[in-house]
Amino acid sequence: MRRWFPARSSPSWRLRGPSSWSIRAQSSVAATPRSRIRRRNTDQIASMASFPLVTSLTRPESNHVSGLCGRDTRMRESTTPPGRLPPRVRIAPSPTGDPHVGTAYIALFNFVFARKYGGRFVLRIEDTDQERSTASSEAAILEALRWLGFEWEEGPDVGGPHGPYRQSERLGIYQAHVQRLLDGGHAYRCFCTRERLDALRREQIEAKASHLGYDGHCRALSPDEGARRAADGEAHVVRLRVPSEGETSFFDHLRQETIGFQNEQIDDQVLVKSDGFPTYHLANVVDDHLMGITHVIRGEEWITSTPKHVLLYRAFGWEEPCFFHLGLLRNTDRSKLSKRKNPVSIFHYRDLGYLPETLLNFMATLGFSMGDDRERFTLDEMITAFEWSKVSAGGPVFDAAKLDAFNGADIRAMDVDTLHRRLLETTLAPERLRALLFHAKERIARLDDVVPYISFAFGAEVDYGPVLDKVKIKKRSRQDVIDVLERFAEEIERDPAARTFEAAALEAFSRGFCERSGWKAKDLFTLLRIAVTGRTAAPPLFDTMAICGKDRCRLRIRDLIGVLGGVADW
RNA sequence: GGCCCCAUGGUCUAGCGGUCAGGACGUUGGCCUCUCACGCCGAAAUCCCGGGUUCGAUUCCCGGUGGGGUCACCA
């Protein structure tokens, strides 16, 4: 683990550390023109004031470690972060699906950092993908983040001095900025068709090209011709003109290292799509600058596009923020956390009865440690103890069993009155209970039967043992059943209406699905009823699914698929 | 495949040149107890490999290996 500054620096470290580094960095730059040149943030070391020489030794002219970062002379304590303080940070989710735990994870570090140093936490909606962005997704994300306890000083719902905070409402701003890039020669219009790009891509893959990317076909177009053709209404995009030689690097403040890329590795990124909307890269840089963001704290999936962002900051003549790239949350198989393999919706955790403060604590331990043996701590305690040297850069596996252990311990620690109250607010909320009673009353003879009757609407997995025989659908093989469940689960996510999980939309979707797949409604619905409830008898299927909720249904369908996978063929 | 990131028990981590490598989850043995759960006590299990630097590397450097990310008019 690297540090800002040696917490207990011994005289020998002081003598050896920086000086040996400076020599190495210097010679490696000169002798080996490798794409990746690592060096310490020498400014920080220099600011220890013990090595006036270090700066001149290790700071080549091309040092890109500049901007907001590294020049901070307040860098005297190990806990003082780089960059301008108080910080302004942001979480910038894309409203294209369910609120993701990865978003919450990144939000946590942004939020804690802002709170620790008296900064501001901004929420910005990155809805530049017209195809996939939805208002309901945006609302869900805000709801989920609030449930977890995050509060933002600026955002689409609370306003703020740098609004609007929804990128789709900032189109004019991007247009003006693109014109600046065009005028400065930092960007150019590209009229290549989808077909040409596809063909190019295929060629590159077939030729096993070392790196795929745009071939610069339109780079040579004169700005005048580009402008003329654009004025004629010809469809086009705007691309970033990346220098063909040299390297672009940035300092990653979490890793405490410079990360460099050969420019030839960097694609001429599209900045404006043919629909006139900016891509993430452009909008993100423009907005971060205009909103005064000082520290960009995001997932490491962004590392490879950071040089494009850096190039944009320079093209505009703007100071760069400090970059921190956090490790990605992983599935048990270590791939990037995905809903195919894991519940990733924040609502899943909410609706199955995880306590928000516990989920937050658990996520915190994934990338942060107190430094001592404590791992049960509150948000406030984390804020108090927070410093970047306590954050690890590896990608942690999201261990659901440990989350369960934390949650169980916290439930035990509650007094019964508190537990009772919280249960009434969530799992047994009046509206939810009422919805269940609406269906239960038709089917019970004694009031007391209501609890066993509605039990399917609670808990995670159900026991398929007693009903396993019933999923043997006539003329359908075991594999047919597995396939149709998988396909159903997959397609429902893509259906904009069905994924709201309202009964009517679910029914419409499911009937359409039957037509497409050739399954009889009766057979499919039986299957789904068993998957979702573990029973052959329940209230009307789509009401049942709606009450159980998307995440519970998803979990159980997946669970049944798993059970079927281990069962003998029929 | 190119580029980039990461690397301490199965999992999350502490560790900042000399430690019996600490904690947590999980696994496991026992105690407690009408059962289960909780709780308590104990156990097994880790420094990816190879070079280098050093009197001494889990720790610093390089290389390899492994894992991950990224190569879209998605973010």
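When reading the values below, keep in mind they use all heavy atoms of this one structure, side chains included, and skip hydrogens, waters and symmetry mates.
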With a 4.0 Å cut-off on heavy atoms, is A/T96 in touch with a base, just the backbone sugar-phosphate, or nothing at all?
nothing
Over all strands shown, is A/G299 touching base, sugar-phosphate only, or nothing at heavy-atom distances under 4.0 angstrom?
nothing
Would you kindly say whether [X] and [Y] are connected by a side-chain donor-acceptor distance under 3.5 Å?
X      : Y      : answer
A/S335 : A/D333 : yes
A/D287 : A/Q167 : yes
A/Y354 : A/D404 : yes
A/K339 : A/S345 : no
A/N284 : A/R90  : yes
A/R298 : A/T306 : yes
A/R241 : A/H186 : no
A/Q130 : A/D275 : yes

Minimum-distance nucleotide (side-chain atoms of A/I259 versus B/C4, B/A75, B/U11):
B/C4
From the set B/C25, B/U13, B/C73, return the single nucleotide nearest to any side-chain atom of A/S274.
B/C73
Distance, [atom1] atom - from [M] to [N], rounded to whole angstrom:
N     : M     : atom1 : value
B/G9  : B/G67 : P     : 15 Å
B/G10 : B/U46 : C1'   : 10 Å
B/A75 : B/G66 : P     : 34 Å
B/U53 : B/U59 : P     : 15 Å

How many whole angstroms separate atom [atom1] of [X] from atom [atom2] of [N]?
X      : N     : atom1 : atom2 : answer
A/D372 : B/G23 : CG    : C1'   : 9 Å
A/F377 : B/A14 : CZ    : C1'   : 13 Å
A/Q269 : B/C73 : CD    : P     : 7 Å
A/I303 : B/G68 : CD1   : P     : 16 Å
A/E300 : B/U70 : CD    : P     : 9 Å
A/D373 : B/G23 : CG    : C1'   : 4 Å
A/Q265 : B/C5  : CD    : P     : 12 Å
A/Q256 : B/C60 : CD    : C1'   : 16 Å

Whom does [N] pair with, Watson-Crick or G-U wobble, provided both distances fall under 3.5 Å?
N     : value
B/U59 : none
B/G2  : B/U70
B/A24 : B/U11
B/G39 : B/C31

For [X] and [N], is the shortest distance between a side-chain N/O and OP1 or OP2 below 4.0 Å?
X      : N     : answer
A/T279 : B/C74 : no
A/K273 : B/C74 : yes
A/R255 : B/C6  : yes
A/S392 : B/U13 : yes
A/R412 : B/G39 : yes

Among residues 328-341 of chain A, which ones have heavy-atom contacts with RNA chain B below 4.0 Å?
A/L328, A/R330, A/R334, A/S335, A/K336
With a cut-off of 6.0 Å (strictly less than), are more than 12 heavy atoms of other residues, nucleotides or ligands near CD of A/E490?
yes
Specify the residue among A/D267 and A/V397 whose closest nucleotide of RNA chain B lies further upstream toward the 5′ end.
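Comparing both residues, the 5'-ward one is A/V397.
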